[in-house]
Amino acid sequence: MKLSKTQMAVIALMAANTIWGAGPPFFKLALENIGPFTLAFLRFFIASAIIFPFAKKFLRVEKADMAEVFLAGFLGIVVNISFFFLGLKLAPSINSSIITSAGPVFLLLASFVFLGERLKKKLVIGTFVGLFGVILIIFEPIFSTEPNLDFIGNLFFFISMLGAIAHTIIGRELVKKYNPLGVTFWTFFLASLCFLPMAVSENIRQSFLLTINFSVIFAILWGAIFSSTIAYFFLFWALKYMPAASTGVFTYMDPIATIVVAYFLLGEKPDTFYLVGSLFIFLGIYIAERRIHYHPIHLLRQGQNQS
């Protein structure tokens with residue numbers, strides 16, 4: 001059976017979000033032995049080197065669009081990944097993915113404001129219900145009897161999510177004009193240049209090479225090959241065939257992958273606030289469509305009907 005472009009875009013986004021969901025526990029473990037900006041630099045510099053041979057035919061960007069390409073890399077990668085890694089050093093890795101699930105709220109609004117995409121009223125109501133669940137998780141550390149930095153880490157995750165939203169909105173416009181490989185390369189390469197000064201400062205006193213271990217190597221390779229090269233290319237490619245607002249629903253897949261990996265790798269388990277917050281998030285999906293069919297499998301079937 002031949003898949004339609006929409007179906008292929010759905011599968012690409014399912015794969016991308018599963019990869020991103022599995023990543024936080026790997027990165028959190030690695031950050032015990034490497035600085036966040038060093039890890040970020042290596043991840044995206046290696047990724048840009050991997051992509052370059054495939055993207056060199058598509059590197060031409062008009063001068064008028066270079067600022068937009070830089071902005072996509074700065075907001076979508078530098079801001080996103082910096083606060084993501086800083087958040088991982090302070091808060092449980094499972095919090096990162098569930099907080100990212102608030103993304104559809106802001107993606108819907110941003111798609112409406114900047115891209116002129118139409119909104120369904122029930123979808124807006126449902127996503128705001130989901131946002132309430134995310135707020136519960138972000139503020140959960142305030143109610144803890146033991147002092148911790150989880151709240152700050154959760155806020156960092158939230159800022160990281162906003163950067164990812166900007167990346168999707170800007171990327172949606174760029175891939176209408178340029179090949180996804182070229183856009184991916186430039187955003188990665190420019191972001192790695194931004195990370196370089198901070199990475200150098202982290203290694204002045206002691207090089208990360210003195211504390212490198214298997215978890216660091218694995219995280220670098222996972223980040224460069226899977227989370228960066230493959231997943232971001234899938235995202236940009238899918239944006240050619242799907243509205244930006246529709247991509248947000250796939251973030252609901254991230255927490256599932258994160259919880260599974262974090263449980264076995266770090267021993268992290270969801271607490272009551274996490275479970276209640278997750279309930280509101282998925283209740284939001286139910287409200288948005290009156291029945292639980294606004295999910296990747298439903299979109300895959302829609303794509304079949306459209307082919």
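All values derive from a computational prediction rather than experimental measurement.
- Taking each heavy atom of Ser278 and Ile137 in turn, the nearest pair found is N-CD1, 4.3 Å.
- Using modelled atom types, no side-chain atom of Ser82 and backbone atom of Val79 make a donor-acceptor pair closer than 3.5 Å.
- Follow the hydrophobic side-chain contacts under 4.5 Å out from Leu209 and you never reach Ile204; the two are in separate clusters.
- Sorted by first and then second residue, the side-chain hydrogen bond (donor to acceptor under 3.5 Å, both in side chains) pairs with a member in residues 179-192 form an empty list; sequence neighbours excluded.
- Atom CG in Asp254 sits 4.5 Å away from atom CG in Asn17 (nearest 0.5 Å).
- With sequence neighbours left out, the side chain to side chain contact (heavy atoms under 4.5 Å, CB included) criterion links Phe70 to Phe74, Leu190, Cys194.
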Practice item. Check the pair Leu162 / Phe158 against side-chain contact (heavy atoms from CB on, under 4.5 Å), numbers first and verdict last. Key: CA-CA 7 Å; Leu162 294 179; Phe158 189 78; 4.1 Å; yes
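- In this structure, CD on Glu68 lies 4.5 Å from CG on Leu174, to the nearest 0.5 angstrom.
- Minimum interatomic distance between Gln206 and Thr211 (heavy atoms only, all atoms of both residues): NE2-CG2, 3.3 Å.
- With Thr229 contributing its side chain and Phe226 its backbone, the two residues share no donor-acceptor pair below 3.5 Å.
- Clustering ILVMFWY residues whenever any of their side-chain heavy atoms sit less than 4.5 angstrom apart, transitively, puts Leu210 in a cluster other than the one holding Phe208.
- Side-chain contact check for Leu181 versus Phe233: some heavy-atom pair is nearer than 4.5 Å.
- Taking the six-membered ring for Trp and thresholds of 30 and 60 degrees, Phe37 and Phe195 have ring planes inclined between 30 and 60 degrees apart.
- If you take CD1 on Ile19 and CD1 on Ile225, they are separated by 11.0 Å, rounding to the nearest 0.5 Å.
- Under the rule for a side chain to side chain contact (heavy atoms under 4.5 Å, CB included), the partners of Leu90 that lie at least two apart in sequence or sit in another chain are Leu149, Ile152, Phe156.
- Atom CG of residue Leu86 and atom CZ of residue Phe83 lie 7.0 Å apart, to the nearest 0.5 angstrom.
- Every residue two or more places apart in sequence or in another chain that forms a side chain to side chain donor-acceptor pair (under 3.5 Å) with Ser160 is listed here: Asn80.
- Counting side-chain heavy-atom gaps under 4.5 Å among Ile, Leu, Val, Met, Phe, Trp and Tyr, the cluster of Phe264 also holds Val260, Tyr263.
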Exercise for review: Kindly determine whether Leu279 and Leu275 satisfy side-chain contact (heavy atoms from CB on, under 4.5 Å), including the steps that lead there.
Suggested key: CA-CA 6 Å; Leu279 180 63; Leu275 295 175; over 6 Å; no
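- Between the Glu202 side chain and the Thr38 main chain, a donor and an acceptor come within less than 3.5 Å of each other.
- Here the straight-line distance linking atom CG of Asn154 with atom CD1 of Ile98 works out to 11.5 Å at 0.5 Å rounding.
- Rounding to the nearest 0.5 angstrom, the gap separating the CZ atom in Phe84 from the OG atom in Ser93 is 8.5 Å.
- With sequence neighbours excluded, the residues that form a side chain to side chain contact (heavy atoms under 4.5 Å, CB included) with Ile259 are Ile94, Pro270, Tyr274.
- Among residues two or more places apart in sequence or in another chain, the salt bridge (charged side-chain N to carboxylate O under 4.0 Å, His left out) test is passed with Asp271 by none.
- For Phe151, the side chain to side chain contact (heavy atoms under 4.5 Å, CB included) test picks out Ile138, Phe139, Pro141, Ile142, Leu155, with sequence neighbours left out.
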List the atom pairs, with distances to 0.1 Å, where a side-chain N or O of residues 20-34 and a protein N or O form a donor-acceptor pair under 3.5 Å, not counting sequence neighbours.
from: Trp20; atom 1: NE1; to: Ser227; atom 2: O; distance (Å): 2.9
from: Lys28; atom 1: NZ; to: Leu88; atom 2: O; distance (Å): 2.5
from: Lys28; atom 1: NZ; to: Ala91; atom 2: O; distance (Å): 3.1

Please table the atom pairs, donor to acceptor, closer than 3.5 Å between any side-chain atom in residues 41-61 and protein atoms at least two apart or in another chain.
from: Arg43; atom 1: NE; to: Gly223; atom 2: O; distance (Å): 3.3
from: Arg43; atom 1: NE; to: Ser228; atom 2: OG; distance (Å): 2.7
from: Ser48; atom 1: OG; to: Phe44; atom 2: O; distance (Å): 3.2
from: Ser48; atom 1: OG; to: Phe45; atom 2: O; distance (Å): 2.7

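- Between Gly76 and His167, the shortest heavy-atom distance links the atoms CA-CB, 3.2 Å.
- Checked against ring-ring contact (aromatic ring centres under 6.0 Å, His included), Tyr178 has no partners two or more places apart in sequence or in another chain.
- By the side chain to side chain donor-acceptor pair (under 3.5 Å) test, Ser215 is found to be paired with Asn213, residues two or more places apart in sequence or in another chain being considered.
- Met66 and Ile170 fall within the same hydrophobic cluster, defined by Ile, Leu, Val, Met, Phe, Trp and Tyr side-chain heavy atoms under 4.5 Å apart, directly or through other members.
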